[in-house]
Amino acid sequence: MSKLPLSFYTRPDSVTIARDLIGKHFYSCLDGVLTGGMIVETEAYSGVDDAACHAHLGRRTKRTQIMYETGGVAYVYLIYGIYSLFNIVTNVEGTADAVLIRAIAPLEGLGEMQLRRGLSKLETRLTAGPGLLTQAMGISTLHNGTSLLGKEIWLEDRGDSFSEEEVLAGPRVGVAYAGEDAKLPWRFSLKGSKWVSKAKPTY
DNA sequence: TACAAGATCCCCT
DNA sequence: GGGGATCTTGTAC
């Protein structure tokens with residue numbers, strides 16, 4: 001159980017990082033409560049050249065500013081006025097790459113996560129979706145810019161690894177507006193895991 | 001200053 | 001399987 005080092009995040013290829021994150025563990029310790037689990041679904045966003053990325057064509061706004069920072073910090077933004085989506089900023093300063101964490105298999109703090117989600121029993125609605133896992137783990141836009149090497153939110157390698165056959169690659173979800181880039185196989189998921197989100201890509 | 005749309009999810013049919 | 005919730009953000013005027 002070792003925290004992922006800065007060098008994991010500053011690598012140049014967010015697609016490789018998204019693939020490597022399947023099987024890594026994602027935890028938060030907020031209000032003194034440890035919650036989280038193993039990552040089973042991710043999506044890569046590749047900076048200015050990626051039409052699906054918020055920083056496409058070098059767009060630099062208050063929201064996207066954090067994506068240009070050195071990798072290893074959180075990019076959290078609000079979608080549909082309701083859900084916080086958690087991304088890991090990658091690559092070096094000046095680039096705007098990120099990886100969206102879409103789903104985890106819950107392991108720690110199940111009771112607290114159910115409480116935050118308003119669920120009375122364990123079901124996939126707990127953490128199988130990008131807007132769900134943030135709610136379960138208590139992550140909100142307040143955590144935008146938080147270092148992933150600190151004590152609030154971090155990632156770990158607990159020795160779980162999966163072969164190429166066990167990790168599926170397919171088109172990303174909800175990015176039809178990105179045209180051809182929406183077809184890129186930049187969504188990764190753990191084959192057979194019931195904790196992978198139900199969302200289907202447009203292609 | 002205004003408006004349209006969004007890296008989603010829930011609940012009802 | 002489909003529509004509505006809900007409000008921030010980006011861009012246009």
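For clarity, every value in this text was computed on a predicted model and none was experimentally measured. Residue numbering restarts at 1 for every chain, and letters A, B, ... go by the order of the sequence lines.
C/dT6 atom P lies 20 Å from atom OH of A/Tyr77, rounded to whole Å. Between the OH atom of A/Tyr83 and the C1' atom of C/dA5 there is a distance of 8 Å, given to the nearest Å. Between the CG atom of A/Leu133 and the P atom of B/dA7 there is a distance of 16 Å, rounded to whole Å. Here the C1' atom of nucleotide B/dG6 and the CG atom of A/Leu100 are 14 Å apart, to the nearest Å. Per the geometry, CD belonging to A/Glu43 stands 10 Å off P belonging to B/dA7, to the nearest Å. Nucleotide C/dT8 holds its C1' atom 14 Å from the CG atom of A/Leu142, rounded to whole Å. In this structure, CZ of A/Arg59 is placed 11 Å from C1' of B/dG6, rounded to the nearest angstrom. Look at NE2 on A/His56: it is 18 Å from P on B/dA5, rounded to the nearest Å.
Contact annotation for A/Leu78: backbone-only contact, meaning every heavy-atom pair under 4.0 Å involves sugar-phosphate atoms and none involves a base.
A close approach under 4.0 Å does not occur between any side-chain nitrogen or oxygen of A/Arg63 and OP1 or OP2 of C/dT11. Using a 4.0 Å cut-off, no side-chain N or O of A/Arg60 falls inside it from OP1 or OP2 of C/dG10. Within the 4.0 Å cut-off from OP1 or OP2 of B/dA7, at least one side-chain nitrogen or oxygen of A/His54 is found. At the phosphate of B/dT8, OP1 or OP2 sits under 4.0 Å from a side-chain N or O atom of A/Arg102. Dashed line: the shortest gap from a side-chain N or O of A/Arg187 to OP1 or OP2 of B/dA7 is not under 4.0 Å.
Picking from C/dG10, B/dT8, B/dC10 the nucleotide with the shortest atom distance to the side chain of A/Leu85 gives B/dT8. Counting only heavy atoms from C-beta on, A/Tyr80 has its side chain closest to B/dG6 among C/dG10, B/dA7, B/dG6. Listed nucleotides: B/dC10, C/dG10, B/dA7. Nearest to the side chain of A/Tyr177: B/dA7. Distances from the side chain of A/Tyr75 to the nucleotides C/dG10, B/dA7, B/dC10 place B/dA7 closest. In the set C/dA5, B/dA7, B/dC10, the nucleotide with an atom closest to the side chain of A/Arg125 is B/dC10.
Remark: B/dC3 base-pairs with C/dG10. Criterion, Watson-Crick or G-U wobble with two distances under 3.5 Å. Across all strands shown, B/dT8 pairs with C/dA5; the Watson-Crick or G-U wobble distances both stay below 3.5 Å.
Counting only heavy atoms from C-beta outward, the side chains of A/Phe26 and A/Trp154 never approach each other to under 4.5 Å. Contact of the A/His25 side chain with the A/Ile104 side chain is not registered, since no non-hydrogen atoms from C-beta on lie closer than 4.5 Å.
In this structure, A/Arg19 forms no cation-pi arrangement with A/Phe162, as its terminal cationic atom is not both closer than 6.0 Å to the ring centre and no more than 45° off the ring axis.
Rounded to the nearest 0.5 Å, atoms CG (A/Leu132) and OH (A/Tyr83) are 7.0 Å apart.
A/Tyr45 qualifies as a stacking partner of the B/dA7 base, centre to centre under 5.5 Å and near-parallel within 30°.
Ion pairing between A/Lys24 and A/Glu156 fails under the 4.0 Å rule for side-chain N and carboxylate O.
Between the side chains of A/Arg117 and A/Gln135, at least one donor N or O lies within less than 3.5 Å of an accepting N or O.
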